[in-house]
Amino acid sequence: MDSNQTLQWSALEYEEKDRSNDWFWALGVIIFAAAITSIIYSNYFFAVLVILGGVLLGFFAIKKPDTVFYELNEKGLKMGTHLYPYETISTFWVRKEIDPKLFIKSSRFFMPIISVPIHPESAEQIREVFVSKNIIEEEMKEPTSEKIIDSLGF
């Protein structure tokens, strides 16, 4: 890729999961039990927090994922409207096998490892761009928090 060329692709914000009515019933029962327990122990603020959290969780469970546009240009990796300049990326990894992804380790304090879905046919080009910018290639995997969220059905 020469300096004026950019790589662009799009992907869903997250993998959409089908949830049965049983999943929503289980969520409701857990939220109800936690709220009642909080009220019994006179912790009303926590009861409201649990109910609010449960409603938001249910809302996000039925929300359809948005399409995110990615661009790899001469300045850095652009995800939607946010740009990660190459100077803020310390290492990267391109996973080409099952579920191809680009992992970057940024200078962010909270969740520094970012995973980006990529198309298998552009994996090598993406790797070449990062290597040409002298960014260290280091094998990475999904953060544990992502694995936990996935296993819970989110």
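Keep in mind it's a predicted model, so treat the numbers as computed, not measured.
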Q: Hey, mind stepping through Leu7 and Glu71 against side-chain contact (heavy atoms from CB on, under 4.5 Å) and telling me if it holds?
A: CA-CA 6 Å; Leu7 287 173; Glu71 181 178 299; over 6 Å; no
Q: Give, for atom CD1 of Ile51 and atom CZ of Phe46, the distance between the pair rounded to the nearest 0.5 Å.
A: 11.0 Å
Q: Report the residue from Ile118, Leu77, Thr6, Leu102 that forms a side chain to side chain contact (heavy atoms under 4.5 Å, CB included) with Leu72.
A: Leu77
Q: How close do Gly58 and Phe24 get, counting heavy atoms only, and between which atoms?
A: O-CE2, 4.1 Å
Q: Start with the C-alpha distance between Trp93 and Ile104, add both sets of side-chain angles, then the distance that settles side-chain contact (heavy atoms from CB on, under 4.5 Å), and finish with yes or no.
A: CA-CA 7 Å; Trp93 179 252; Ile104 60 170; over 6 Å; no
Q: Hey, does Trp25 have a side-chain heavy atom less than 4.5 Å from the side chain of Ile30?
A: no
Q: Not counting sequence neighbours, which residues clear salt bridge (Lys or Arg N to Asp or Glu O under 4.0 Å) with Lys105? List them please.
A: Glu138
Q: Counting only pairs under 3.5 Å, give me each side-chain donor-acceptor contact of residues 109-116, with atom names and distances, residues two or more places apart or in other chains.
A:
residue	atom	partner	partner atom	Å
Ser115	OG	Glu146	OE1	3.4
Ser115	OG	Glu146	OE2	3.3

Q: With rounding to the nearest 0.5 angstrom, report the CD1 to CD1 distance, Ile89 to Ile135.
A: 5.0 Å
Q: Using side chain to side chain donor-acceptor pair (under 3.5 Å) as the criterion, list what pairs up with Lys96, not counting sequence neighbours.
A: Glu124
Q: Counting distance only, does the side-chain N/O of Arg19 pair as donor-acceptor with the main-chain N or O of Ile62 below 3.5 Å?
A: no
Q: Which residues pass the side-chain contact (heavy atoms from CB on, under 4.5 Å) test with Ala11, sequence neighbours left out?
A: Tyr70, Pro117
Q: Looking at residues at least two apart in the chain, or sitting in another chain, which of them share a side-chain contact (heavy atoms from CB on, under 4.5 Å) with Val131?
A: Phe92, Arg127, Glu137
Q: Check for me, please, whether Leu49 and Leu57 land in the same ILVMFWY cluster - side-chain distances under 4.5 Å, paths through other members count.
A: yes
Q: So Tyr86 and Phe130, side-chain contact (heavy atoms from CB on, under 4.5 Å) or not? Walk me through it.
A: CA-CA 8 Å; Tyr86 291 117; Phe130 281 98; 4.1 Å; yes
Q: Sequence neighbours left out, what passes side chain to side chain donor-acceptor pair (under 3.5 Å) with Glu87? Give chain and number order.
A: none
Q: By side-chain contact (heavy atoms from CB on, under 4.5 Å), which residues pair with Leu12, not counting sequence neighbours?
A: Pro65, Thr67
Q: Donor-acceptor pairs are to be reported for all side-chain atoms of residues 31-38 against protein atoms at under 3.5 Å, with residues two or more places apart or in another chain.
A:
residue	atom	partner	partner atom	Å
Thr37	OG1	Ala33	O	2.7
Ser38	OG	Ala34	O	2.9

Q: Under the rule for side-chain contact (heavy atoms from CB on, under 4.5 Å), what residues qualify as partners of Asp66, not counting sequence neighbours?
A: Glu13, Lys63
Q: Tell me who clusters with Ile39, hydrophobic residues only, linked when side chains sit under 4.5 Å apart either directly or through other members.
A: Tyr44
